[in-house]
Amino acid sequence: MSMSNRTVLKELPVQEAIGLRLAHDLTQIIPGQFKGRLFKKGHLITEADIPKLLDIGKEHIYIMELGEGDLHEDDAARRMAGALQYEGLQLSEPHEGKVAIKSALDVPAIAEIDPTIVHAINELGEIALATVRTNAVIKPGGQLAATRVIPLVVAEEKVRAVEELVASYKERHDGASPLRLKPLRKFRIGLLTTGGEVFSGRIQDKFGPAVTRIVEELGSEIAEQRFSPDDRHTIVKEIHYLRDKSYDMILVTGGMSVDPDDRTPAAIAEAGAQIVSYGTPMLPGSMLLMGYIGEVPIMGLPGCVMHDPYTSFNVLLPRILAGDTISRADIVGMGYGGLNGC
């Protein structure tokens, strides 16, 4: 354990600690049943606590006298999280030297994290900032980061260094924190399902339920679903219909492979879409098409969306709902880390 020599820890048998206060949280672990805080920092030890302390293997406890210039782990973690706090974020109470930073929004959001600040904070040593990756979906109340102090006591100068790093970042970014949330808008989406076998009723549509579930989990809705055979002229006509309904996004499913009878990509282009990319360097989901008709996003969805839990569609959809315009560079960047269970 690393700590300043200005802080004094006194070790006492638990039987002699009655009437004194704990210097730190004490955790109880019951395999397969429970892991959590048994006693909180500052708890006044009573005679009734002695059996519980012995049950978790604590025959001795530490009473701490903080020296000047030192901070207890909970206070340090709280100050670091407080420096990072921003609109839409809420902080948990300290627990075993950790403070969780969570979403205070009532809608899903995507995280915006500046990794350079995360790295700079973790370079300081004895303290830690753990975050999700940028563009990760954060549900209401979900966690996007946590501050943690490694030793029981840390020099206050370490925490001041964190506060100065974050303050400097905010000065350069109009007050914005290096940890932010972009809330997702509620989109009304038009869905076109292509394929003669579905259009004729020969097989049941599986795309609609799968796409609806993904969309609704992010707070949006499929406002209308249309069906078309594998005929390019009809697909173009149906895309124009959905565009004229002023939906926020158009999704087209089926016929996205390179087979000669798969006509969806050509129909999307013929309908007036500017194609950002046909194909992504991600598996599953490499055959996804991303484009725009004016300012309206249009996506051609590959078959894997029906059965794989995480595809290129799950990556791009939240960003679009958050207001991002997808570029070719965004698509190219999906290859790094883009192999998911294939």
Side-chain angles (χ1 to χ4, degrees), residues 1-86 89-104 121-122 124-131 141-167 179:
M1 180 184 298
S2 172
M3 65 181 65
S4 167
N5 57 17
R6 292 169 295 184
T7 291
V8 177
L9 284 180
K10 295 181 179 178
E11 184 183 57
L12 294 174
V14 292
Q15 292 85 354
E16 298 178 16
I18 296 171
L20 301 178
R21 295 189 181 276
L22 283 174
H24 56 90
D25 293 349
L26 290 178
T27 299
Q28 182 179 36
I29 301 175
I30 303 175
Q33 298 181 42
F34 174 80
K35 178 184 177 182
R37 185 166 55 192
L38 180 62
F39 293 112
K40 188 177 180 181
K41 168 198 169 187
H43 174 76
L44 185 67
I45 300 170
T46 68
E47 187 172 356
D49 296 329
I50 303 303
K52 298 177 183 178
L53 290 167
L54 293 173
D55 286 345
I56 63 171
K58 296 297 181 182
E59 296 182 357
H60 296 77
I61 63 166
Y62 290 94
I63 304 301
M64 180 172 58
E65 296 177 0
L66 276 177
E68 185 178 354
D70 286 339
L71 290 174
H72 185 274
E73 57 177 352
D74 285 349
D75 299 323
R78 183 190 291 110
R79 277 181 53 175
M80 289 191 294
L84 292 160
Q85 192 166 17
Y86 192 59
L89 303 180
Q90 60 186 353
L91 309 182
S92 72
E93 287 297 313
H95 177 59
E96 297 179 340
K98 181 177 73 174
V99 172
I101 302 174
K102 301 181 178 182
S103 171
I121 288 173
N122 289 323
L124 295 169
E126 296 191 320
I127 56 176
L129 171 62
T131 75
Q143 186 172 336
L144 70 155
T147 56
R148 181 71 188 259
V149 176
I150 308 303
L152 180 60
V153 175
V154 69
E156 186 179 13
E157 62 187 22
K158 297 263 188 181
V159 176
R160 281 199 301 267
V162 172
E163 292 168 335
E164 290 167 3
L165 279 168
V166 176
L179 274 61

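- Under the side chain to side chain donor-acceptor pair (under 3.5 Å) criterion, Glu93 pairs with no residue at all, not counting sequence neighbours.
- The CZ atom of Arg148 sits 13.0 Å away from the CG atom of Leu129 when rounded to the nearest 0.5 Å.
- Partners of Ser103 under the side-chain contact (heavy atoms from CB on, under 4.5 Å) rule, at least two apart in sequence or in another chain, are Leu105, Ile138, Leu181.
- For the atom pair Lys98 NZ and Thr147 OG1, the distance stands at 9.5 Å (nearest 0.5 Å).
- Applying the salt bridge (charged side-chain N to carboxylate O under 4.0 Å, His left out) definition to pairs two or more places apart or across chains, those involving residues 71-82 are Lys41-Asp75, Asp75-Arg78, Arg79-Glu156, Arg79-Glu163.
- Here CZ of Arg37 is found 13.5 Å from CD of Gln28. Values are rounded to the nearest 0.5 Å.
- Between Gly97 and Ala77, the closest heavy-atom pair is O-CB, 3.4 Å.
- When all heavy atoms of Ile127 and Ile150 are compared, the pair lying nearest together is N-CG1, 4.2 Å.
- Considering CG of Asp25 and CZ of Phe39, their distance stands at 11.5 Å, rounded to 0.5 Å.
- Minimum interatomic distance between Asn122 and Ala128 (heavy atoms only, all atoms of both residues): OD1-CA, 3.3 Å.
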| request: Show your working on side-chain contact (heavy atoms from CB on, under 4.5 Å) between Leu144 and Thr131 and close with a plain yes or no. | output: CA-CA 6 Å; Leu144 70 155; Thr131 75; over 6 Å; no

| Taking it one step at a time, do Gln85 and Ile101 satisfy side-chain contact (heavy atoms from CB on, under 4.5 Å)? | CA-CA 8 Å; Gln85 192 166 17; Ile101 302 174; over 6 Å; no

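- By the 4.5 Å heavy-atom criterion applied to side chains, Val149 and Leu71 are not counted as neighbours.
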| request: Tell me, with the steps shown, if Ile45 and Leu22 meet side-chain contact (heavy atoms from CB on, under 4.5 Å). | output: CA-CA 7 Å; Ile45 300 170; Leu22 283 174; 3.9 Å; yes

With a cut-off of 3.5 Å and sequence neighbours excluded, list every side-chain donor-acceptor pair involving residues 51-59.
none

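- Between Arg160 atom CZ and Leu165 atom CG the span is 13.5 Å, to the nearest 0.5 Å.
- Here Ala161 pairs with Leu124 under the side-chain contact (heavy atoms from CB on, under 4.5 Å) rule; sequence neighbours left out.
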